[in-house]
Protein chains: 2
Amino acid sequence: MNSPDDLHQRPIVSVDLAIFALAPDGLEVLLAQRGAEPFAGSWALPGGWIHVDEDRDLEAAAQRVLRDKTGVAAPYFEQVGVFGDAARDPRGWSLSVTYMALIAKEAVTLMHGGNATGAAWHPIGSDTATIPLAFDHAAILKAAVTRLRNKVEYTTLPVHLLPEAFTLSELQAVYERLLGRLLDKSAFRKRIAEVDFIEPIAGEMRRASNRPAQLYRLKQARSTVFFDRTI
Amino acid sequence: MNSPDDLHQRPIVSVDLAIFALAPDGLEVLLAQRGAEPFAGSWALPGGWIHVDEDRDLEAAAQRVLRDKTGVAAPYFEQVGVFGDAARDPRGWSLSVTYMALIAKEAVTLMHGGNATGAAWHPIGSDTATIPLAFDHAAILKAAVTRLRNKVEYTTLPVHLLPEAFTLSELQAVYERLLGRLLDKSAFRKRIAEVDFIEPIAGEMRRASNRPAQLYRLKQARSTVFFDRTI
DNA sequence: GTAATAGTGTCTATCAGACACTATTCA
DNA sequence: TGAATAGTGTCTGATAGACACTATTAC
């Protein structure tokens, strides 16, 4: 039988990230341009190897990659899954452990270096990126987008695409852009109030040439609330 | 920077399975008793290494492990996630790619061999197994149980715990045992009819000393239907 | 005042769940 | 006929969503 000590039997493992933010035109993903073979010059999900003597666990490795690319420390973070087969990387049987992160675009400072020659935001089409991606990253990104779009339907997850303080109208606009349909203001606010995951910031208002709007913030960082379901 | 060719930088990767079935007393999981160190003699989730020159992809590796342990070929199958850190396996930084499978207990013939000295069904408590498990398998199993229990609320997944032919009353009983609460017969049948994922087997009835019950089967194998949600 | 958006109240068509009823078999 | 479970019908209280209304600012 096989053994873990037969090193050539070990697959290659990378940690890759689908980092999402919301731009005026819709959802965007952060991509890195590859500087080395394979797929040199192609765009790919930012990622890296596990540093076995530095990373305590998988999530720490993913957080390290995120920090190196964006300078962001603690956004919403979720494992999407593992993708692995013999053919996705020409260097051999490989795994990609994929996480997705949601951040407010304003919070990000793009970093350069490593074996990527640049990083940039790219729009998400109906499914995945609008440009070809290295490895099987188009399929991986598609899985992450699908997960995100599904969760918009029944969780408070989209709040993580907004900056710390936001109005209810801004929150509703995020849902509407992700869902691709308009929501009723009254019904939306009832639903949000029901699950009780945000709180007004006393005295803080968003001002414009109209009635000022109350600013809100998340109640506890990193908690995702589910709306009610059935059966 | 690191490289995948530095073999000592590669974590160990195993594929582990949470195989669930329903017994008269409730949900059970198939565990294997370890024959070798580490954790020799302890019970663990059945698993194995990736055979890089045999397994086409991760799911194929998982299916191979399942086939070797149970003789079952094509049950319901779903990736639960990856669990990885420096400490979970004394042999080094390791990953467990975990799948869960749902099967009808009658379909299984337990296999022996490999580095496991035996395999047996064990009850699931409120959370995880009622006995201590090797590695971090108690936590992994808990994640799988949580996933399963959640999905019972809004999917047709429990049907995979029944044999090919079943009655609506039997299906309702599965939901009730997994949910731990009784369901209304009329409402349950409306819901099931709505999502249209099973079909009557013409003329086939379950007979007892009462009115016979129509037998049903899945419409297409391996499709999981979601009940409707909101926002 | 007007324009613009924030925020709340009301009304109704729908429907999930409670419950009762009928149907069909065995003994 | 009675016991047991299958399967269907009905009624009602709750509520999601449509829509209209009031509130508060800048100009």
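Letters go in sequence order (proteins before strands), and every chain restarts at 1. Only this structure's heavy atoms are used, side chains among them; waters, hydrogens and symmetry mates stay out.
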Colleague: Any idea which of dT25(D), dG17(C), dG7(D) is nearest the Asn210(A) side chain?
Modeller: dT25(D)

Colleague: Taking 4.0 Å as the cut-off, does a side-chain nitrogen or oxygen of Arg211(B) come that near to OP1 or OP2 on dA4(D)?
Modeller: no

Colleague: Starting at CD of Glu204(A) and ending at C1' of dA6(C), how long is that distance when rounded to a whole Å?
Modeller: 17 Å

Colleague: Rounded to the Å, how far apart are Asp184(A) CG and dA6(C) P?
Modeller: 14 Å

Colleague: So, Thr167(A) and Ser169(A): side-chain donor and acceptor under 3.5 Å apart, yes or no?
Modeller: no

Colleague: Separation of Arg206(A) atom CZ from dA26(D) atom C1', in whole Å?
Modeller: 17 Å

Colleague: Roughly how many Å is it from CG in Leu168(B) to C1' in dA6(D), rounded to a whole number?
Modeller: 9 Å

Colleague: If I take atom CZ in residue Phe188(B) and atom C1' in nucleotide dG17(C), what distance separates them, rounded to the nearest angstrom?
Modeller: 15 Å

Colleague: Is there a side-chain contact between Ile19(A) and Trp121(A), using heavy atoms and a 4.5 Å cut-off?
Modeller: yes

Colleague: Pick the nucleotide of DNA chain D nearest each of Ser169(B) and Lys190(B); which residue has the one closer to the 5' end?
Modeller: Ser169(B)

Colleague: Name the residue closer to the 5' end of DNA chain C, choosing between Glu170(A) and Ala208(B) according to the nucleotide with the nearest heavy atom.
Modeller: Glu170(A)

Colleague: Side chain of Lys185(B): nearest nucleotide among dT24(D), dT8(C), dA6(D)?
Modeller: dA6(D)

Colleague: Side chain of Ser186(B), base of dG9(D): donor and acceptor closer than 3.5 Å?
Modeller: yes

Colleague: How close or far is atom P of dC19(C) from atom CZ of Arg189(B), stated in whole angstroms?
Modeller: 18 Å

Colleague: Taking the side chain of Glu194(A) as heavy atoms from C-beta outward, which of dT10(D), dT24(D), dA16(D) is closest to it?
Modeller: dA16(D)

Colleague: Nearest-Å distance, OH (Tyr154(B)) to C1' (dA16(C))?
Modeller: 21 Å

Colleague: Which nucleotide in the list dT25(D), dT25(C), dG7(C) gets nearest to the side chain of Ala213(A)?
Modeller: dG7(C)

Colleague: Nearest to the Ala187(A) side chain among dG7(D), dA16(C), dG17(D), which nucleotide is it?
Modeller: dG17(D)

Colleague: Counting only side-chain N and O atoms of Ser209(A), is one of them less than 4.0 Å from OP1 or OP2 of dC27(D)?
Modeller: no

Colleague: Do other residues, nucleotides or ligands put more than 12 heavy atoms under 6.0 Å from Glu164(B) CD?
Modeller: no

Colleague: Do you know the tightest heavy-atom contact between Arg149(A) and Ser126(A)?
Modeller: NH1-O, 3.1 Å

Colleague: Just how far, in rounded Å, is P of dA4(C) from CZ of Arg207(A)?
Modeller: 20 Å

Colleague: Are the side chain of Asp184(B) and the backbone N or O of Ala187(B) linked by a donor-acceptor pair below 3.5 Å?
Modeller: yes

